[in-house]
Peer 1: 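Here you go, one structure.
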Amino acid sequence: MADAAMTATFLAVIGGASLLAVTARRLRPSGRLPSLEGWALADRALGPVWTWLLLGGTIFTAYTFTAIPGLAYGNGAPAFFAVPYTVIVCPLAFVLLTRLWEVARRHGYVTAGDFVRGRYGSAPLALVVALTGILATMPYLALQLLGIRAVLTAGGLYPRGAAGDLVMVALFAGLAVATYRHGLRAPAVISALKAVAVFVSLTAVCWLVLRRFGGPGAVFDGAAARLSGTGVEGSALLLAPEQQPAYATLALGSALALLMYPHVLTAGFAADGPRTVRKVAVALPAWTGLLALFGFLGVAALATGVRAPDGGAEAAVPMLVDRLMPGPLAGLVFGAITVGALVPAAVMSIAAATGFVRNVYVEYFQPTATPKRQVRIAKVVSLTAKVGAVAFVFGLRDQDAINLQLLGGVWILQIFPAVAVGLFTGRLHPRALLAGWGVGMVAGTFLVVREGFSSIVLLGGGSLEVYAGLVALLLNLTVAVVGTTVLERLGVPRGADATDLPSRLTVRRRPETGASNP
């Protein structure tokens, strides 16, 4: 059981997050009438600091901060694919997210589905983009709860039985209320506390680890000795040559997929201009350094002799914290990781709700819905998404959520041709893109399921390990290109109202923000 000091510090961090959420309405208050853009994107008014806090807090989730060190604890070097993966994201965000922001601001787009609908004039293609985003986001949202539960259980802060479930419900209830009332502004202000708490607590934990071992060399030597004795194939602190293709393709494929997730695009669209997006992309590596240190703590947990439960390697770092740190500081770490789950969970629910309203509800059920009604429906869907995530966690095994999230990463990558490629060329035919998406979804799902829900699959007669999502994406692109050629020769028309994007992308800047004129 947790001691009183740990519990008090933990509750203080959570209470601070709740108080900040209440003040969210003061973050650039708007006198405009209610609109989905205002609720879901904070009126596109976040400056560089707030955007950096929100985007970093959204990309780097609590589950990431437990799963990556857990993978390092169990397998060693392969876990550090997350470092180059998040480094690759930065230049991609600099180019893709900036350009997508300009187009979205100019045409009033709120979601990736909006962009696809305007770009290709194809409602079916926009629908599959929106539904793929929602489908990939829901298990990711559930994993935030799993991350919280793993942390609290390791620290003795999660009571057994119904009492523990009530703790989880209470944590998400406060988040649900704040998000319902203030939209994206709520996770934006909470992200400030997340950044301070995580950076401070992680620095303290790393300092204690290095003080105990005498330096990083001793940590890695101790971990290497323990990994060599586990007998687990592929467990080492250096990559074997046969592991390198899987490592490289997983890093590249994950980076391409990340920028397609609705919650990442939502956080990026909230910026007040493309110049802000570029500044944030340049500063994102600070969060990558944070992730690398969490991976290091997984190695330290192994070196220290932490014994995580079977199938629960994500508890390794919380157990290390509980062992090394005094109660108040341990409570700070557990509180920081818990708050770290609340920010992305809120943004994910907002993004899923916005995609549903714009690309499903308005498109197919209520085309004349007023902005006020769109906001009302989005609030209800956002709340439903959180309730669904809680029910999912309580009703299914943890492994089910993990398996679905692995599939989600493969699925979301299949909208890359329609969204990212579509930013630079309109040559691909919407029907060919739709066919490519279908082939990619089926192929990616088949490969992952065939390997027992592993995202790394064997090719070339079992001699080459690569990321399944990248294989599916290549098939997707092949079908899209070949299909476009065939459809053009057959004279099949494109969407009736497709936007000629390249000729309309030149926009004027507002000197004070760098934003595009509507």
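Just the heavy atoms: all of them, side chains too, but no hydrogens, waters or symmetry mates, feed the values below. This one's a predicted model, so the numbers in the text were calculated from it and none came from an experiment.
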Peer 1: Does the side chain of Y261 come within less than 4.5 Å of T58's, by heavy atoms?
Peer 2: no
Peer 1: Evaluate side-chain contact (heavy atoms from CB on, under 4.5 Å) for T478 paired with N476, printing each intermediate quantity in order.
Peer 2: CA-CA 5 Å; T478 301; N476 183 343; over 6 Å; no
Peer 1: What distance separates L293 CG from T203 OG1, expressed to the nearest 0.5 Å?
Peer 2: 7.5 Å
Peer 1: Do L100 and V419 have side-chain heavy atoms sitting under 4.5 Å apart?
Peer 2: yes
Peer 1: Would a 4.5 Å heavy-atom cut-off, applied to side chains only, mark F94 and V280 as touching?
Peer 2: no
Peer 1: Got a second to check how far L184's CG is from L46's CG, nearest 0.5 Å?
Peer 2: 6.5 Å
Peer 1: If you round to the nearest 0.5 Å, how far is CG of L302 from CG of L320?
Peer 2: 11.0 Å
Peer 1: Find the distance between CE (M348) and OG1 (T61) and round it off to the nearest 0.5 Å.
Peer 2: 6.0 Å
Peer 1: How far does CG of L256 sit from CD1 of I412, to the nearest 0.5 angstrom?
Peer 2: 12.5 Å
Peer 1: Which atom names give the shortest non-hydrogen contact between G268 and W101, and what distance separates them?
Peer 2: O-CD1, 3.4 Å
Peer 1: Donor-acceptor pairs under 3.5 angstrom involving side-chain atoms of residues 444-458: please list them, not counting sequence neighbours.
Peer 2:
unit_1	atom_1	unit_2	atom_2	d
T445	OG1	W411	NE1	2.8
T445	OG1	M441	O	2.7
S454	OG	I456	N	3.3
S454	OG	I456	O	3.2

Peer 1: What I'd like to find out is whether the side chain of L464 reaches to under 4.5 Å of the side chain of V466, using heavy atoms alone.
Peer 2: yes
Peer 1: Under 3.5 Å, is there a donor-acceptor pair between the side chain of K194 and the main chain of G57?
Peer 2: yes
Peer 1: Can you measure from CG (L332) to OG (S201) and round to the nearest 0.5 angstrom?
Peer 2: 5.0 Å
Peer 1: Main chain of G295, side chain of Y73: is a donor-acceptor contact present, judged purely on distance under 3.5 Å?
Peer 2: no
Peer 1: Would C206 and L297 satisfy side-chain contact (heavy atoms from CB on, under 4.5 Å), going step by step from the backbone distance to the final call?
Peer 2: CA-CA 7 Å; C206 290; L297 290 183; 4.0 Å; yes
Peer 1: Looking at every non-hydrogen atom in both residues, tell me the closest pair between L423 and R99 and how far apart they are.
Peer 2: O-NE, 2.8 Å
Peer 1: List the steps, then state whether side-chain contact (heavy atoms from CB on, under 4.5 Å) holds for V198 with F294.
Peer 2: CA-CA 10 Å; V198 171; F294 268 104; 4.0 Å; yes
Peer 1: For side chain to side chain donor-acceptor pair (under 3.5 Å), just list the numbers for W437 and T132, CA-CA rounded to whole Å, side-chain angles, deciding distance to a tenth of an Å, and then say yes or no.
Peer 2: CA-CA 10 Å; W437 169 85; T132 302; 3.0 Å; yes
Peer 1: Quick check: do F80 and V83 have side-chain heavy atoms less than 4.5 Å from each other?
Peer 2: yes
Peer 1: Sequence neighbours left out, what pairs pass ring-ring contact (aromatic ring centres under 6.0 Å, His included) with at least one residue falling in residues 194-214?
Peer 2: F199-W287
Peer 1: If every non-hydrogen atom of A17 is compared with every non-hydrogen atom of I190, which pair is closest and at what distance?
Peer 2: O-CG1, 3.8 Å
Peer 1: Heavy atoms, side chains only, cut-off 4.5 Å: are T249 and L252 in contact?
Peer 2: no
Peer 1: Taking the side chain as every heavy atom from C-beta outward, state whether T288 and F60 have any atom pair closer than 4.5 Å.
Peer 2: yes
Peer 1: Do P245 and E465 have side chains that get closer than 4.5 Å, going by heavy atoms?
Peer 2: no
Peer 1: Can you name the nearest heavy-atom pair linking A82 to T86, along with the distance?
Peer 2: O-OG1, 2.8 Å
Peer 1: What are the two closest heavy atoms between A341 and Q144, and how far apart are they?
Peer 2: CB-O, 3.7 Å
Peer 1: Hey, does the side chain of T98 reach the backbone of V95 with a donor-acceptor pair shorter than 3.5 angstrom?
Peer 2: no
Peer 1: In terms of side-chain heavy atoms, does S191 have a donor or acceptor partner in W52 at a distance below 3.5 Å?
Peer 2: no
Peer 1: Please assess F296 against L210 for the test side-chain contact (heavy atoms from CB on, under 4.5 Å), listing each intermediate value before the final yes or no.
Peer 2: CA-CA 11 Å; F296 170 73; L210 294 176; 3.8 Å; yes
Peer 1: Is the Y85 ring parallel, tilted or perpendicular to the F81 ring (thresholds 30°, 60°)?
Peer 2: parallel
Peer 1: Which residue pairs pass the side chain to side chain donor-acceptor pair (under 3.5 Å) test when at least one of the two sits in residues 333-354, sequence neighbours left out?
Peer 2: S349-S382, S349-K386
Peer 1: For G253 versus L413, what's the shortest heavy-atom pair and its separation?
Peer 2: O-CD1, 3.9 Å
Peer 1: My understanding is that only one of L96, V264, L97, L259 makes a side-chain contact (heavy atoms from CB on, under 4.5 Å) with V89; could you say which?
Peer 2: L259
Peer 1: Mark yes or no for whether R323, through its side chain, and P318, through its backbone, hold a donor-acceptor pair below 3.5 Å.
Peer 2: no
